[in-house]
Amino acid sequence: MKAATPLKAAALRVLARSRALKQPPKPKPMKRGQSQAKNEVSIYTSLAESPSKEMRIYRYRITDNPVRWNTMIAPGCDAEEARRSLINIYGAARLLEVVEQDRGTQHS
């Protein structure tokens with residue numbers, strides 16, 4: 001049997017080491033509530049970092065559940081910017097209504 005060349009021997013060592021390494025564990029998929037909580041944390045973090053922006057809250061309805069009012073927190077956005085953002089997310093056909101929430105009032 002022929003002796004392995006130094007290059008081939010080095011390649012075999014690298015191959016053996018790569019096979020010995022374990023794959024990192026796959027991240028577990030987030031549950032619905034966890035992803036929503038992460039989004040809320042990022043929103044509040046951005047609000048805390050830029051106190052000069054006025055916090056605006058918009059309520060909107062989509063065709064999936066037209067009775068339910070959803071909430072969008074949009075610091076520094078006017079109503080038209082909020083509408084455009086929601087159209088980018090849901091599409092113009094699905095978006096029914098967008099209104100700015102008055103301070104101190106809540107929709108059910």
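Position 1 is the first residue of the sequence, and the numbers go up from there.
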Next on the checklist: So, applying salt bridge (charged side-chain N to carboxylate O under 4.0 Å, His left out) with Glu100, which one of Arg83, Arg56, Arg59 is it?
Outcome noted: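 When Arg83, Arg56, Arg59 are each tested with Glu100, the salt bridge (charged side-chain N to carboxylate O under 4.0 Å, His left out) holds only for Arg56.
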
If two hydrophobic side chains count as joined below 4.5 Å and joins carry through other members, does [X] share a cluster with [Y]?
{"X": "Ile87", "Y": "Tyr90", "value": "yes"}
{"X": "Leu96", "Y": "Leu86", "value": "no"}
{"X": "Leu95", "Y": "Met72", "value": "yes"}

Next on the checklist: Main chain of Cys77, side chain of Tyr58: is a donor-acceptor contact present, judged purely on distance under 3.5 Å?
Outcome noted: yes

Checklist entry - Can you tell me how far the CG atom of Asn70 sits from the CG atom of Asn65, to the nearest 0.5 Å? => result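 So the CG of Asn70 and the CG of Asn65 are separated by 8.0 Å.
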
Checklist entry - Can you tell me how far CD1 of Ile62 sits from CH2 of Trp69, rounded to the nearest 0.5 angstrom? => result 12.0 Å

